[in-house]
Amino acid sequence: MNLPILQLRNVTKRVGNKTIIDGLSLEVPKGEVFGFLGPNGAGKTTTIRMVVGLMKISEGEIVIDGESITKNFESAIAKVGAIVENPEMYKYLTGYQNLIHFARMSPGVTKERIQEVITLVALENRIHDKVKNYSLGMRQRLGVAQALLHKPKLLILDEPTNGLDPAGIRELRDYLRKLTQVEGTSVVVSSHLLSEMELMCDRVAIIKNGKVIDVRLIKEYANTDDLIKVVFEVNQKELAQHVLKSAPSFNTTLVEDGLELLLDQEQIADVNARLVHAGVRVYSMKKQIQTLEDKFFEMTGSDQIA
């Protein structure tokens, strides 16, 4: 049986009389990039802090690759590499000197391994420059390299895209994909950029008020309903709406481009045939696929993502 790399079992965190995380349970499968989303105050960062041992659990259990962090913390956490908030580096040292320094903290990290992670994050050309001369994206990549030195089975990145430009975000996305494929590392990543999470992750968990409200493969968000939202671009919107009113199963809404309807695959062809038969010119039919962002706002009722 292939155990999940990370399990949270009824995890609860209380501070005083306030419950921040309320019986949260989820599993992260091995070999995936797993996204963690939640509106402000949902408890996303608190959960990550408990996983990496920066915050104590009030109730429940966190298991990393079969080992409880409560019962066997050192053994469990040795399987984890993490960046919580911004990676902290010695700016007066070079990137390579920083990696040598961190390698001394983990037994068995060889110079060959250091070179491997440098290549993995594509810093070969700048690794001997001082970190103070690095861009934010390069520091982020160096932080990932540092977190990977001891070959962790699980990499946890809290808001890794903060401050990165579009090119830096794309690079990070490519590195995380490469990690799961080349190193076999499982990745948990949180981000406030939903469009990037949609491109970066295999699966996401959405939490609200300290509880998991949905865990799903990214590809499933585009196919959660039997009906598809379709916009028909036509030359006579009012006539088109009148024509379709005779069929009670077609609920039409006037929009800027024409008519919007919720239809199944067969009904799309039926609507087009009715319109053409009535003399309405149909210029295009556009499927409006629901995105992760659409589903997030629908589930959380929130316009804040951080």
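Keep in mind that what you see is a predicted model, and the values were worked out from it rather than measured.
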Asks: I need the minimum non-hydrogen distance between Thr12 and Gly23, along with the two atoms involved.
Replies: OG1-N, 3.0 Å
Asks: Check Arg177 with Asp174, please: is the shortest side-chain N to carboxylate O separation under 4.0 Å?
Replies: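 Not counted as a salt bridge, because no side-chain N and carboxylate O are separated by less than 4.0 Å.
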Asks: Find out whether Thr70 and Ile62 are in side-chain contact, i.e. whether some heavy atom of one side chain is under 4.5 Å from a heavy atom of the other.
Replies: no
Asks: Would you say that Asn272 contacts Phe232 through its side chain, given a criterion of any heavy-atom pair below 4.5 Å between the two side chains?
Replies: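 Sidechains of Phe232 and Asn272: in contact.
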Asks: Of Leu244, Val231, Val271, which is the lone residue that meets side chain to side chain contact (heavy atoms under 4.5 Å, CB included) with Leu259?
Replies: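 Per the side chain to side chain contact (heavy atoms under 4.5 Å, CB included) rule, the option paired with Leu259 is Leu244, out of Leu244, Val231, Val271.
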Asks: Within a strict 4.5 Å, meaning less than it, do heavy atoms of the Leu149 and Ile114 side chains meet?
Replies: yes
Asks: With rounding to the nearest 0.5 angstrom, report the CD1 to OG distance, Ile48 to Ser190.
Replies: 4.0 Å
Asks: Rounded at 0.5 Å granularity, tell me how far CG in Leu176 sits from CG in Asp202.
Replies: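 Here the rounded value is 10.5 Å.
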Asks: Is Arg170 atom CZ crowded by more than 12 heavy atoms from other residues, nucleotides or ligands, each under 6.0 Å away?
Replies: no
Asks: Show the nearest heavy-atom pair for residues Ser68 and Ala76, with the distance to one decimal.
Replies: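 Distance-wise, the nearest heavy atoms are O-CB, 4.2 Å.
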Asks: Could you check if a side-chain atom of Met105 sits within less than 4.5 angstrom of a side-chain atom of His150, using non-hydrogen atoms only?
Replies: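 Sidechains of His150 and Met105: no contact.
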Asks: Between the main-chain N or O of Met138 and the side-chain N or O of Ser135, is there a donor-acceptor pair closer than 3.5 Å?
Replies: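 A pair under 3.5 Å: yes.
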Asks: Any heavy-atom pair between the side chains of Glu233 and Lys286 that's under 4.5 Å?
Replies: yes
Asks: Between His128 and Tyr96, how do the two ring planes meet: parallel, tilted or perpendicular, split at 30° and 60°?
Replies: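 If you compare the ring of His128 with that of Tyr96, the planes turn out tilted.
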Asks: Would you check, one step at a time, whether the test salt bridge (charged side-chain N to carboxylate O under 4.0 Å, His left out) holds for Glu59 with Lys13?
Replies: CA-CA 7 Å; Glu59 286 179 21; Lys13 177 63 183 177; over 6 Å; no
